[in-house]
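Throughout, protein chains are lettered first and strands after them, A, B, ... in sequence-line order, and every chain is numbered starting at 1. Heavy-atom basis, side chains included; hydrogens, waters and symmetry copies ignored. None of these values were measured; they are calculated from a predicted model.
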Amino acid sequence: MDPEIHNPTKFFIRIEFKDKNADDIKREGWIAWERSRINRQDDPVEVLVGGTKDRLLDLIRFERAAQGLDPGNRQLLAQKAEFFSRLPTAPGANLSLTDVVQHPLAAELRLAPEEVLDVIAGAQRLKMAVRGWVAERHLKDTLARTAGITYCQPINKEGAADLHVRFEEGPLLTIECKNVLRETDSKGLPRLDFQRTRASKADPCSRYYSQDDFDVVAACLHAVTESWEFRYILPNYLPQHGKCEGKLASNLRVDHNWQSDPTAVFRAAANARNS
DNA sequence: CCCCATCGTTGCGCCTGCAT
DNA sequence: ATGCAGGCGCAACGATGGGG
């Protein structure tokens, strides 16, 4: 069965299939078929996979590779057993998974995954934009591995902070993730362009952040150090904006006030929230 | 009342031009 | 030479309001 179609699983599931399917499984050892749904045309098509018991590990390998695939690609992959079979790959068949199963985005764009990467690499502005979300992804991975972090998910909403994080049993904290600029200042300190893309027409100060827009700011140093490392700070440690009352300055330096260990910063942020 | 076009706002940071 | 303010390319989304 397709795990994604039955996620979440509220009850025990019973499925039925034809004797013919069972015969095919015994004979072939491994087959995939489309589940027939009489009078249920509106439901999504589900691709079932059957194998003999010695193929259990193949089934796990297959479901790993097939997670989230649409039914067509799921069936296509299921029929290419050489990609997850216990048997050695046939001589000469030097294919990779991506040759058979396109990432959904690559399929939508009608490009090979490598071609999508070429497009990104070839468009300066696009690459720049992607780097922002990649930094966010690395931050999520970094925090997820950090002791004490019990929850860590992207927020993915316009106008909101980037990441939701919970430290131990504390409140849900919002994290703003920003890449530093490529060029450091004259003292070698990384610079952080800390403002929104544009201000609203009515209020020029709306371009700047204020202290309570998020609980923690994370600066990604990759543009300077070429390593996906982060520095953390509480917004109330940041300098005030010179002109806009209650806003934070937009030209920041990642200096000694920024911590490389997130733990103390998150603990302080949680305390600030609770008080 | 529904459909739509339009406007305003936002996400990525980087870049230019002016002030010092 | 350096710092800072503010504009920029591209594209998506939500609110708004006019037309039928």
List, by chain and number, the other hydrophobic cluster members for A:Leu172, where Ile, Leu, Val, Met, Phe, Trp and Tyr join if side-chain heavy atoms come within less than 4.5 Å, directly or indirectly.
-> A:Tyr151
Round to the nearest Å and state the distance from A:Glu183 atom CD to C:dA1 atom P.
-> 14 Å
Using the ring of each side chain (for Trp, its six-membered ring), is A:Phe194 parallel, tilted or perpendicular to A:Phe214, with breaks at 30° and 60°?
-> perpendicular
For atom CG of A:Asp213 and atom P of B:dT10, their distance in whole Å = 11 Å
Rounded to the Å, how far apart are A:Asp162 CG and B:dT10 C1'?
-> 12 Å
Charged N-O contact under 4.0 Å between A:Asp212 and A:Arg273 | no
Using a strict 4.0 Å threshold on nitrogen-to-oxygen distance, state whether A:Asp141 and A:Arg137 make a salt bridge.
-> yes
Does A:Lys243 pair with A:Glu245 as a salt bridge, N-O distance under 4.0 Å?
-> no
Does A:Ser186 place a side-chain N or O at less than 4.0 Å from the phosphate oxygens OP1/OP2 of C:dG3?
-> yes
Please list, for nucleotides 13-15 of chain B, all pairs of protein and nucleotide N/O atoms separated by less than 3.5 Å.
residue, atom, partner, partner atom, Å
B:dG13, OP1, A:Asn179, ND2, 2.8
B:dG13, O6, A:Arg207, NH2, 3.2
B:dG13, N2, A:Arg125, NH2, 3.0
B:dC14, OP1, A:Arg131, NH2, 3.2
B:dC14, N4, A:Asp193, OD2, 2.9

Look at A:Asp185 together with A:Arg253 and state whether they make a salt bridge at an N to O cut-off of under 4.0 Å.
-> yes
Inspect cysteines A:Cys220 and A:Cys177 and report if their side-chain SG atoms are under 2.5 angstrom from one another.
-> no
Whole Å only: how far is the CD atom of A:Gln240 from the P atom of C:dC4?
-> 16 Å
Please work out if A:Arg253 contacts a base, only the sugar-phosphate, or nothing of the nucleic acid, heavy-atom cut-off 4.0 Å.
-> sugar-phosphate
I'd like a table of atom pairs between the protein and nucleotides 16-20 of chain B - only N or O on both sides, under 3.5 Å - with the distance next to each one.
none

Sugar-phosphate only, base, or nothing, as touched by A:Tyr208 at under 4.0 Å among non-hydrogen atoms | sugar-phosphate
Answer with yes or no whether the hydrophobic clustering places A:Leu238 together with A:Leu221; edges join I, L, V, M, F, W, Y residues whose side-chain heavy atoms lie under 4.5 Å apart.
-> yes
